[in-house]
Amino acid sequence: MSETTVNAHPDRLTKVSSILVSQARPTDEKSPYFELAKRYNIKVDFRPFIEIQGVSFKDFRKQKINILDHTAIIFTSRNAVDHFFRICKEARIEVPADMKYFCITEQTAIYLQKYIVIRKRKIFSGQKTAADLLELIKKHKSEKFLFPCSDKRRNDIPEFMGTNDLHLTEAVMYETVSADLSDLEDVYYDILAFFSPSGIKSLFDNFPDFQQNKTRIAAFGPTTAKAVTDAGLILDIQAPLPNAPSMSGALELYIKKVNGL
């Protein structure tokens, strides 16, 4: 088995000239995807396959959650921040000044200033991962935590909180839905790069009769890889790799192989 591909059949190891990345175009012009396109003279396009939609206040109320029963909020994304404060506004709730905020990264913590004066609040932030954040949370076991999240979220935080007997209320405040991709119906790419099972679902929501044929599929992470194979597709490129921790790195290794570089 190759380091860069799950399926190594010669019929599939053909030259790559185009890639569709199922995410928004990077704002950083130094993104490795742009370097990839330039270095190997290939077309790299970007198109989000999923969209975030806020849960209506009416539907949120059905969850029977009292925000003010909690003393701390866990934020794992900017979407969570936006929709938490949207719900508070619609519910006419003024968040107490002594509310604590636990943010997955410093960037997320800084984003809070869109809604509050952060220098006057108790804000804790991890470095990059949920594991960092959970170490902080362990030091505040007496808090009653509210976790604004999507209808599709990772299990690490709820499982950790349950294992450590910490008070956690999950509040679904936004949803992940399939984007409209109908304009791509007659567009062909050599590689489609996916980053979540929701991306695979969107592919089939938009194109129920999708036939993979010679299109290579790249997947980031084990859950995305499983979604690819569960959908009956061939997984050609899996990231991260020991020598390529990013999707762009795994794509580059594959391109070098099949383009004879």
Side-chain angles (χ1 to χ4, degrees), residues 22 24 48-105 108-109 111-116 121-126 130 133-134 136-137 140-181 195-206 208 223-224 226-227 230-231:
S22 61
F49 273 40
I50 58 176
E51 296 176 347
I52 299 297
Q53 290 183 356
V55 168
S56 70
F57 179 55
K58 179 181 178 181
D59 286 339
F60 172 74
R61 287 181 62 185
K62 293 177 182 177
Q63 298 177 54
K64 298 182 179 179
I65 294 170
N66 186 349
I67 291 173
L68 296 180
D69 283 345
H70 302 83
T71 59
I73 314 294
I74 298 174
F75 288 128
T76 56
S77 70
R78 291 185 178 187
N79 283 320
V81 174
D82 286 336
H83 290 289
F84 169 76
F85 285 101
R86 173 185 62 83
I87 290 291
C88 286
K89 182 178 180 181
E90 293 181 18
R92 298 181 181 178
I93 290 173
E94 184 173 342
V95 182
D98 60 354
M99 182 72 78
K100 295 183 177 68
Y101 300 92
F102 291 79
C103 302
I104 194 164
T105 64
T108 305
Y111 187 70
L112 278 172
Q113 68 186 356
K114 180 177 178 182
Y115 299 97
I116 60 175
R121 303 300 176 99
K122 295 179 180 179
I123 300 173
F124 308 87
S125 61
L133 184 61
L134 297 176
L136 288 170
I137 289 173
H140 298 266
K141 292 187 175 182
S142 63
E143 304 296 341
K144 293 183 177 180
F145 292 91
L146 181 71
F147 179 30
C149 59
S150 167
D151 59 325
K152 299 178 179 67
R153 54 104 181 107
R154 293 176 59 176
N155 294 325
D156 45 7
I157 288 177
E159 288 179 355
F160 171 87
M161 303 295 277
T163 300
N164 289 274
D165 198 27
L166 296 171
H167 183 284
L168 180 73
T169 302
E170 294 183 49
V172 176
M173 294 186 173
Y174 54 103
E175 298 174 330
T176 303
V177 299
S178 299
D180 180 3
L181 307 174
F195 300 82
S196 71
S198 297
I200 303 299
K201 180 178 182 298
S202 177
L203 175 68
F204 284 98
D205 282 347
N206 280 275
T223 57
T224 309
K226 184 177 184 300
D230 285 352

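Sequence positions, counted from 1, serve as the residue numbers for this chain.
Between Phe124 and Phe102, the ring planes are parallel. Angles under 30° get that label, and only those over 60° would be called perpendicular. The aromatic rings of Tyr101 and Phe75 sit parallel to each other, their planes meeting at less than 30°, with 60° as the upper class boundary.
Atom CG of Asp69 has more than 12 heavy atoms from other residues, nucleotides or ligands within 6.0 Å. The local environment of NZ in Lys152 is crowded, with over 12 non-hydrogen atoms from other residues, nucleotides or ligands closer than 6.0 Å.
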Apply the test side-chain contact (heavy atoms from CB on, under 4.5 Å) to residues Asn79 and Ser150: give CA-CA distance (whole Å), side-chain angles for both, the deciding distance (0.1 Å), then the verdict.
CA-CA 9 Å; Asn79 283 320; Ser150 167; over 6 Å; no

Could you go step by step and tell me if Ile200 and Asp230 meet the side-chain contact (heavy atoms from CB on, under 4.5 Å) rule?
CA-CA 10 Å; Ile200 303 299; Asp230 285 352; over 6 Å; no

Cys149/Thr76 under side-chain contact (heavy atoms from CB on, under 4.5 Å): CA gap, chis, key distance, verdict
CA-CA 8 Å; Cys149 59; Thr76 56; 5.9 Å; no

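Two residues are said to be in side-chain contact when any heavy atoms from C-beta on lie closer than 4.5 Å; Ile73 and Pro148 meet this criterion. By the 4.5 Å heavy-atom criterion applied to side chains, Gln63 and Glu170 are not counted as neighbours. At a threshold of 4.5 Å between non-hydrogen side-chain atoms, the residues Asp82 and Tyr115 count as touching. Two residues are said to be in side-chain contact when any heavy atoms from C-beta on lie closer than 4.5 Å; Leu68 and Pro96 meet this criterion. Ile50 places none of its side-chain heavy atoms less than 4.5 Å from the side chain of Lys201. Residues Ser198 and Phe49 fail the side-chain proximity criterion, which asks for heavy atoms closer than 4.5 Å. Between Leu134 and Asn164, the closest side-chain pair of non-hydrogen atoms is not below 4.5 Å. Residues Val95 and Ile116 form no side-chain contact, since every pair of their non-hydrogen atoms from C-beta on lies 4.5 Å or further apart.
Summarising the geometry, atom NE2 belonging to His83 is positioned 13.5 Å from atom CZ belonging to Arg78; distances are rounded to the nearest 0.5 Å. Atom-to-atom distance recorded for His167:NE2 and Lys144:NZ is 5.5 Å, nearest 0.5 angstrom. For the atom pair Ser56 OG and Lys62 NZ, the distance stands at 7.0 Å (nearest 0.5 Å). The CD1 atom of Ile137 sits 10.5 Å away from the CD atom of Glu143 when rounded to the nearest 0.5 Å. Separation of atoms OG (Ser202) and CG (Leu181) is listed at 4.5 Å; rounding is to 0.5 Å. Leu112 contributes atom CG, which lies 10.0 Å from atom OG of Ser125 (distance to the nearest 0.5 angstrom).
Between the side chain of Thr224 and the main chain of Phe195, a donor-acceptor pair closer than 3.5 Å is present. Between the side chain of Asp151 and the backbone N or O of Val172 there is no donor-acceptor pair closer than 3.5 Å. In this structure, the side chain of Asp205 does not engage the main chain of Ser178 through any donor-acceptor pair within 3.5 Å. Of the possible donor and acceptor atoms, none in the side chain of Thr169 sits under 3.5 Å from a partner among the backbone N and O of Leu146. For Arg61 (side chain) and Ala91 (main-chain N/O), no donor-acceptor pair under 3.5 Å exists by modelled atom type.
The one candidate from Phe57, Phe85, Phe60 that meets the side chain to side chain contact (heavy atoms under 4.5 Å, CB included) condition with Glu90 is Phe57.
The two residues Ala109 and Ile123 come nearest to each other via the heavy atoms CB-CG2, 3.8 Å. Across Phe145 and Met161, no two heavy atoms sit closer than the pair CD1-CE, 3.4 Å. The shortest heavy-atom contact between Val55 and Tyr174 is CG2-N, 3.6 Å.
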